[in-house]
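The structure under discussion appears below in the form of structure tokens.
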Amino acid sequence: MKRFLPSMLIAASMFTQCVAAADLRSPQGDVINAILTSPPNVPPATGRHKPAKVIVKLEVIEKEMPIADGTTYTFWTFGGTVPGSFIRVRQGDTVEFHLMNNPNNKMPHNIDLHGVTGPGGGAASSFTAPGHQSQFTFKALNQGIYVYHCATAPVGMHIGNGMYGLLLVEPPEGLKPVDHEYYVMQGDFYTVGKYREKGHQQFDMQKAIDEKPTYVVFNGSDGALTGDHALAAKTNQTVRLFVGNGGPNLVSSFHVIGEIFDTVRQEGGTVEQHNVQTTLIPSGGAAMVEFHTQVPGSYVLVDHSIFRAFNKGALAILKVAGPEDKSIYSGKEVDSTYLGDSAVSMQPVATAAKAAEAGNLTIPDQVAAGKTLFNGTCSACHQGSGEGLAGVFPPLAKSDYLAKLSPGDLIAIPLNGHTGKLTVNGKDYDSVMPPMSQLNDDEIANILTFVLNSWGNAGGKITKEQVAKVRASTPRPAGAAH
Amino acid sequence: MRDVMLAIVFLPSIAHAGNDYVQVPAGTYRSALKYEEVKDDTRVAAFELMKTPVTNAEFLEFVRAHPEWQRDRIATVYAEKTNYLSHWSAPLELGMAAKPQQPVTQVSWFAASAYCEAQHARLPLWNEWEYVAAADATRRDARDDPAWRESILGWYAKPSTTPVADVGQSPANAYGVQDLHGLIWEWTEDFASMLVTGDDRSQSDANRLKFCGAGSLVTQDRENFAVLMRVAMLSSLEAANSTSNLGFRCARSLTDGGSP
């Protein structure tokens, strides 16, 4: 027990550090109109040390926008973007919320803010027909980063069309200042056409029910945060990401390739987790992650359920500019061949090659090298035993067919392949052997020498010069190797 | 029978296409909504339904004859003055933004009901409307066909940034009724029974539609998103409300003397 005490104390002190007492005073000072921002931007810190009355005005707009290059989709949006406008208030603020439903919209909409304490998170009080507006007021009792979303039936379709965003309720003392704050939100989309299929794409209800998204993206479209739209920072800066997941279906394994999160407020809560590689963000959840940039380059934000990143769009870029720090990351220092296990097994081939160069290549050298090459190239069909497969791949062992061939005809088989009927040891075969055009003269000579001296065959020797001669005398299709 | 005969005699004398009524035979259908009191299929009595929605031209005729429904005279409790017929150029003038054969929109439930009453008719009940709207061109109930459901969703998924088409452009369904899908939302007489505030139990049930996940609690046909959307839309409205893509058509009962 005793030895656990210190860590318990540390945990306790961290807890008190993170959770300042909630500020429940009445609104003070002027009424404030909240600044809303489009992703990936985050409004500035409130900078307030007392609760205020804050007015938030959010308009629902149904609009066609690109979901990928050359592909459009009808998104339903809070504020004209996916994710919707970022809302930032301070814990203790009294928020007067106005939801406007654009007159050109077809659907009724509402908003459920996960940071609201009250039935439906505001949904019932904000249910609004097109061309109308609603108002309700809530007190932001709990600090944290919260998802908001539309909760009008069919809810899955409203969310699936992009109706979500983030609400930040700052702690009473504010968040620690950092160099950059960015707003990133993952969502899954279900279209009738395939990923990146051109033209206008419709919502696919069945795919949504089956939870088989066509797109999984950050900030509403394939490539929303890449190229010219990449997030940016300099070296030696602290970056804070507010990362939400609108769903409607998937849970995100959020990871930044090449960075370690120094701090994660998992699920948007107040307990800080440190030194995290990948953090799980539930559908309808959010996290705050912070890291310090040290090494310049492109850092890739992904959902580490990795097919989503490379095949469905869940990929964004953070470009970090600045001087290299070789003490932390060197860049590539060595680039050379590595053969792994095959370095050992290929030894006979190397020995034979060396002997051939020295002019003292023996049949045993060739057989040893040929055996290694045979096992790598020929044994898949002719089998390691040389028995072949009855009726499909002719045997090389005790082969009456091989015994009849001239050296030139024998060499021509691996060199040019063989197509058509032949009879071996009394059995008929009618298969296709492709030319082994990846093998050089040396290798073919060694393989054939190995075959002639194995499995009861008559013995003999094929030289690379013989192979070279046959190769030179055979017309070869243009572009064939060697 | 007498009513039917009368209808046949009367129809040719009515000038505008939208005032044509189609006779809908009695029948049962599986309601997409789950009511506590309903165990089996919902029975719909024979009735008549307008072939197409009421047009701007027809509604103009109505407000001429009944000036209390003009936008400059209507009582505030019956319509939102800022929206009601706001796309017309003047109280008795359609103007450029409202073509005669377009369905009338920006009409409140009160105004729609008054129009039908003046025709000795009424708004269709939700179940009557859904019963007829379940049909495609050849089948009286096409709701199990995923391709048909998908084609209906296509309209719901697009914002109405382009002008509404004229009535009667779409093919008639198996009952001979047109434009139930793909043109506008339509008022139903009992729209208010599936919504909002009040003290009755079915209302509190429907109230759940406003919350996350609630849609699935009251529907039996969870894949029929279009029905859910119609419920949500009607639930979001009050009787004095109007929107730029909400109109109506009238219905007549065949048994209670509702026909002309």
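Please read all numbers here as calculations on a predicted model, not as lab measurements. Naming: A, B, ... by sequence-line order, numbering from 1 per chain.
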Give every donor-acceptor pair under 3.5 Å between a side-chain atom in residues 113-120 of chain A and any protein atom, sequence neighbours left out.
| unit_1 | atom_1 | unit_2 | atom_2 | d |
| --- | --- | --- | --- | --- |
| A:H114 | ND1 | A:G284 | O | 3.3 |
| A:H114 | NE2 | A:H149 | NE2 | 3.2 |

Next item on the list: Run the ring-centre check on A:Y215 versus A:F189 and record whether the distance is less than 6.0 Å.
Entry: no
Notebook entry, point to check: Where along residues 83-95 of chain B does a heavy atom come under 4.5 Å of chain A, listed by residue number?
Noted result: B:N83
Checklist line | Which portion of B:W185 sits near chain A, non-hydrogen atoms under 4.5 angstrom | finding: side chain
Next item on the list: Determine, stepwise, if the pair A:N102 / A:E62 fulfils side-chain hydrogen bond (donor to acceptor under 3.5 Å, both in side chains).
Entry: CA-CA 8 Å; A:N102 188 287; A:E62 300 165 3; over 6 Å; no
Checklist line | Inter-residue atom distance A:K106.NZ - B:T243.OG1, 0.5 Å rounding | finding: 10.5 Å
Notebook entry, point to check: Between the side chains of B:Y29 and B:N127, is a donor N or O closer than 3.5 angstrom to an acceptor N or O?
Noted result: yes
Next item on the list: Check A:G165 against A:P83 and note the closest heavy-atom contact, atom names and distance.
Entry: CA-CB, 4.2 Å
Note to self: So for B:T82, is it side chain, backbone, both, or neither that comes closer than 4.5 Å to the heavy atoms of chain A?
What the structure shows: neither
Notebook entry, point to check: What part of B:E80 gets closer than 4.5 Å to chain A, counting heavy atoms only: side chain, backbone, both or neither?
Noted result: side chain
Next item on the list: Output all residues satisfying side chain to side chain donor-acceptor pair (under 3.5 Å) with B:D166, sequence neighbours left out; order by chain, then residue number.
Entry: none
Notebook entry, point to check: With sequence neighbours excluded, what pairs up with A:W76 under the ring-ring contact (aromatic ring centres under 6.0 Å, His included) test?
Noted result: A:H109, A:H158
Notebook entry, point to check: Given that the side chain runs from C-beta out, which part of A:P103 has a heavy atom under 4.5 Å from chain B: side chain, backbone, both or neither?
Noted result: backbone
